[in-house]
J.: 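Below: one structure in structure tokens.
Values in this document were obtained by computation on a predicted structure and should not be read as measured data.
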Amino acid sequence: MMESLSWISALAPWLLTRETALLLVGGFVVGIFSVIIGGGFFISIPLLQFLFPSVSYGAIVGNLKVGSFFRGIGSTITNRKEIDWLGNLLSSVPLVIGTVLGVMVIAHLHQRWMLPAIIAAIALSELAPWLAKRITKGSFQAASLVTGAYAGFLGAGIGIILVALFRLKHPAVERIAHVKIQARFIEWLIGIVAVIAHYFHGNLILALWLVWSVGSFAGGLAGGVLLEKLGAMSGKTQKSVLRLAYLVAIAGALLPFLNWGRGKG
């Protein structure tokens, strides 16, 4: 019994720190932002870079993936009766393989690699609608593999790409809602794979992901309620807020370079 409580004893002193409070509040705010606007990674990455400047790129992404996993539980439970479980599992094979490869690439990279990753994510997020129109049924498997690799590499804005991919199978306008439900489930599924891969690479930090996930789950619930009560914001407003998040992400990605410069001086 005492051994089973040892991890709690080790964690207890950490639970009263400033970092814990910021992680809890940050997870909550980002959870709401992710549900209503999307692109929560663009806000959460600079926050974790600020709080944990010595943590690797892979550890930052890995621990954020755990929060995303808990945030996705709610939508999976809510829409479980509409999910094509077997079809999605079969379609997700190249996505899963790509996700594992993506995690392997970033597992132990320094935070300085976050800047090119953020720039690539912004470009992909902005070009997603244009790219979506150019994915064909013939290139579906290759596109799935690349999408999975990106999901493991960073994954910001991955939901847009997944919807585009699976609209190839269900192109009818009246099936869009169905496709979005499947895309959310698949995003959650490959998120589980990413978390497992990060665990085996030693990237998960209990005291970090546990608190972040509590905030993320609460934020996801609150965001869902707000979305129903307030209605969706206009596309123009959402785009403006998301582009502001890009600037925050780039500023955060520049921090390791500033710290590195001071260290050399």
J.: Hey, any chance Ile43 and Phe41 share a hydrophobic cluster, counting ILVMFWY side chains that come within less than 4.5 Å of each other, even indirectly?
T.: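 Yes, it is one cluster - the side chains of Ile43 and Phe41 are joined through contacts under 4.5 Å.
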J.: Checking Asn203 side chain against Tyr199 main chain: does a donor-acceptor pair fall under 3.5 Å?
T.: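 Here the side-chain-to-backbone pair does not exist.
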J.: Do Ile118 and Val103 belong to the same hydrophobic cluster, where Ile, Leu, Val, Met, Phe, Trp and Tyr are linked whenever their side-chain heavy atoms lie under 4.5 Å apart, directly or via other members?
T.: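 Ile118 does not cluster with Val103.
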J.: Centre-to-centre under 6.0 Å for Trp212 and Phe70, is that the case here?
T.: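 No - the distance between ring centres of Trp212 and Phe70 does not fall below the 6.0 Å cut-off.
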J.: Calculate, to the nearest 0.5 Å, the distance between atoms CG and CZ belonging to Leu23 and Phe28 respectively.
T.: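 Interatomic distance, Leu23 CG to Phe28 CZ, rounded to 0.5 Å: 15.0 Å.
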J.: Please tell me if the side chains of Leu254 and Arg112 come closer than 4.5 Å, counting only heavy atoms from C-beta onward.
T.: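 No. Closest side-chain heavy atoms not under 4.5 Å.
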J.: Linking Ile, Leu, Val, Met, Phe, Trp and Tyr by side-chain heavy atoms under 4.5 Å, what else ends up with Val25?
T.: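 Under the 4.5 Å side-chain rule, Val25 groups with Val29.
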J.: For residues Tyr246 and Phe42, establish whether the separation of their ring centroids is below 6.0 Å.
T.: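 Yes, they do, as the ring centres are separated by less than 6.0 Å.
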J.: Find out whether Phe52 and Leu208 are in side-chain contact, i.e. whether some heavy atom of one side chain is under 4.5 Å from a heavy atom of the other.
T.: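 Contact flag for Phe52/Leu208 side chains = yes.
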J.: Look up atom OH in Tyr57 and atom CD in Gln49, then write down how far apart they are to the nearest 0.5 Å.
T.: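 With rounding to 0.5 Å, OH (Tyr57) is 10.0 Å from CD (Gln49).
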J.: Drop me the distance from Ile196's CD1 to Phe69's CZ, to the nearest 0.5 angstrom.
T.: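 Result: 9.0 Å between the selected atoms.
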J.: Grab the two heavy atoms, one from Ile205 and one from Asn63, that are nearest each other, plus how far apart they are.
T.: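 What the structure gives for the nearest pair is N-OD1, 2.9 Å.
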J.: Where do Ser54 and Gln111 come nearest, in terms of heavy atoms and distance?
T.: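 Result for this residue pair: N-NE2, 4.4 Å.
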J.: Can you name the nearest heavy-atom pair linking Thr99 to Ala151, along with the distance?
T.: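 Minimum heavy-atom contact is OG1-CB, 4.0 Å.
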J.: At what distance, to the nearest 0.5 angstrom, does CE of Met114 lie from OG of Ser56?
T.: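 These two atoms lie 8.5 Å from each other.
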J.: Under 4.5 Å between side-chain heavy atoms, hopping through other hydrophobics if needed: is there a path connecting Val193 to Val146?
T.: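 In one cluster with Val193: Val146, no.
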J.: Show, in sequence, the C-alpha distance, side-chain angles and deciding distance for Leu95 and Thr147, and conclude whether the side chain to side chain contact (heavy atoms under 4.5 Å, CB included) test is met.
T.: CA-CA 6 Å; Leu95 285 162; Thr147 300; 3.8 Å; yes
J.: Specify the closest pair of heavy atoms between Val66 and Ser213, including all atoms of both residues, with the distance to one decimal.
T.: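 In this case the closest contact between Val66 and Ser213 is CG1-OG, 3.5 Å.
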J.: Grab the two heavy atoms, one from Ala107 and one from His201, that are nearest each other, plus how far apart they are.
T.: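 So the two residues come closest at CB-CD2, 3.4 Å.
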J.: To the nearest 0.5 Å, what is the distance between CH2 on Trp113 and CG on Leu115?
T.: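 With rounding to 0.5 Å, CH2 (Trp113) is 11.0 Å from CG (Leu115).
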J.: Which value, rounded to the nearest 0.5 Å, describes the distance between Leu101 atom CG and Leu145 atom CG?
T.: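 Interatomic distance, Leu101 CG to Leu145 CG, rounded to 0.5 Å: 6.5 Å.
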J.: Do Leu89 and Leu189 touch side chain to side chain, with heavy atoms closer than 4.5 Å?
T.: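 When only atoms from C-beta onward are counted, Leu189 and Leu89 do touch, with a gap below 4.5 Å.
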